[in-house]
2 protein chains.
Amino acid sequence: MDESQALLAFGALAGEPRLRIVRRLVRAGPKGMAAGDIAAAMSVSPSNMSFHLKELERAGMVASRREARSIIYAADYRALRGLIEFLMKDCCAGRLEVLQPAAGERPSPAASRKRAEA
Amino acid sequence: MDESQALLAFGALAGEPRLRIVRRLVRAGPKGMAAGDIAAAMSVSPSNMSFHLKELERAGMVASRREARSIIYAADYRALRGLIEFLMKDCCAGRLEVLQPAAGERPSPAASRKRAEA
DNA sequence: TCCATAATTCAATAATCCTTGAATTATCGA
DNA sequence: TCGATAATTCAAGGATTATTGAATTATGGA
C-alpha cells in the first residue's frame, strides 16, 4: 500500500459510522452484507449509508457486487492487512523499537498529562 | 487503545501534512524535534505547523515538552503500536484470515475494476 | 528592564465533509 | 409492461476542518 492509498484509508476509518461499518463487514466475512441490511443493522438512512459505503469503496476498504436486486458489500481483507503493513513498515521504518518496546518503557508525557487533568 | 482514541488517531493521520510530520518524528526518535525545525523541514508556516501538532497531540500521537525557548515534539511509539494493535485485534476480531491470507487468495474486485478503468 | 527568538492563539476566510430528502436507476415477479 | 423493491444520485444546507496573517505569551541574554 502506498501513501496516497493509506491516506484514503485513514480518512475512511476516521468516523464512527464508517468504522462501525468496517467492523460489521469484517464479522460478516467474505459473503458480505446487502447495503440495506447494513443500514437497517445500524439505523442509518439508506442514502446516507450509500454515501459512506461509496467512501469506503473509494478508499479500497470494501468491495461491492450486485446480487439480484441487492448490492452486497464485503470488507477487503487485503486492504486491512495493507494498512497494518503500512503502519509497521512505511511509517515506523528504521525504528524497530516502535514495534518492539524496550523493557521498562515509561508512560508517555501525554498520558501523564491526562492523568493530571483528571 | 479504545475506539474513541482510534478514531482520533485515524483522523490525525488522514492528511498529508500530518502523516509526514509523524513519519519525520518517528525518524527523529525519542529526542524529538523543535516545532520550528519541523516547520522549516517541510516548508509549512509556524502557525499552521502549530495547528497540526496540536491536532496530533490531541490524538495522542505525539508528545511535547519545553526545552528552553523551543518546544520539542516526539512521536509517541506506544500510540502507534496501539493503533496497529487496534486494527489487528479490535477491528479484525474473530477473523484471523484477515491477518493470515489463505494461499492463492485472488485479487479484490476493487483492484480488478481499477485495472479495467486504466 | 529591554530586545530578540520560539511558539502559540485568535479571528476570518476557504475548503471539505456530512446529512437529509426527493428524484432516479436497476431488477424482479405478476 | 406495470408495480414493487433495492439502492444510488443529486442538490441544498449544516457542520467540521484547514489556512492565513496579525497579535500574544514565554524564555533567555545583554
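Throughout, protein chains are lettered first and strands after them, A, B, ... in sequence-line order, and every chain is numbered starting at 1. Keep in mind the model is a prediction, meaning the values are calculated, not measured.
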Notebook entry, point to check: Does one hydrophobic cluster hold both B:Val26 and B:Val44, with members joined at side-chain heavy-atom distances below 4.5 Å?
Noted result: yes
Heavy atoms only: give me the nearest [X]-[Y] pair and the separation to one decimal.
| X | Y | result |
| --- | --- | --- |
| B:Gly11 | B:Arg18 | O-NH2, 3.5 Å |
| B:Ala41 | B:Met33 | CB-CE, 4.4 Å |
| A:Ala74 | A:Arg65 | CB-NH1, 4.5 Å |

For a quick test of reading the model: is some side-chain N or O of A:His52 closer than 4.0 Å to OP1 or OP2 of C:dC17?
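No, A:His52 has no side-chain N/O under 4.0 Å of OP1/OP2 on C:dC17.
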How long is the line joining [atom1] of [X] and [atom2] of [N], in whole Å?
| X | N | atom1 | atom2 | value |
| --- | --- | --- | --- | --- |
| B:Glu16 | C:dT16 | CD | P | 13 Å |
| A:Leu53 | C:dT19 | CG | P | 13 Å |
| A:Lys54 | C:dC18 | NZ | P | 11 Å |
| B:Arg66 | C:dA6 | CZ | P | 12 Å |
| A:Ile71 | C:dC28 | CD1 | P | 12 Å |
| A:Arg69 | C:dG29 | CZ | P | 6 Å |

| request: Extract, from 5' to 3' on DNA chain D, the first and final nucleotides lying under 4.0 angstrom from some heavy atom of chain A. | output: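 Nucleotide range in contact with chain A: D:dA4 to D:dT9.
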Whether A:Arg66 side chain and A:Ala68 backbone form a donor-acceptor pair below 3.5 Å
yes
Query raised in the report: Hey, is the main chain of B:Ile38 close enough, under 3.5 Å, to the side chain of B:Tyr73 for a donor-acceptor pair?
Result: no
Comparing nearest nucleotides in DNA chain C, the 5'-proximal residue of the pair A:Ser45, B:Ala34 is B:Ala34
task: Please work out if B:Ala39 contacts a base, only the sugar-phosphate, or nothing of the nucleic acid, heavy-atom cut-off 4.0 Å.
output: nothing
Name the nucleic acid region contacted by B:Ser70, choosing base, sugar-phosphate or nothing; use a 4.0 angstrom heavy-atom cut-off, strictly under.
sugar-phosphate
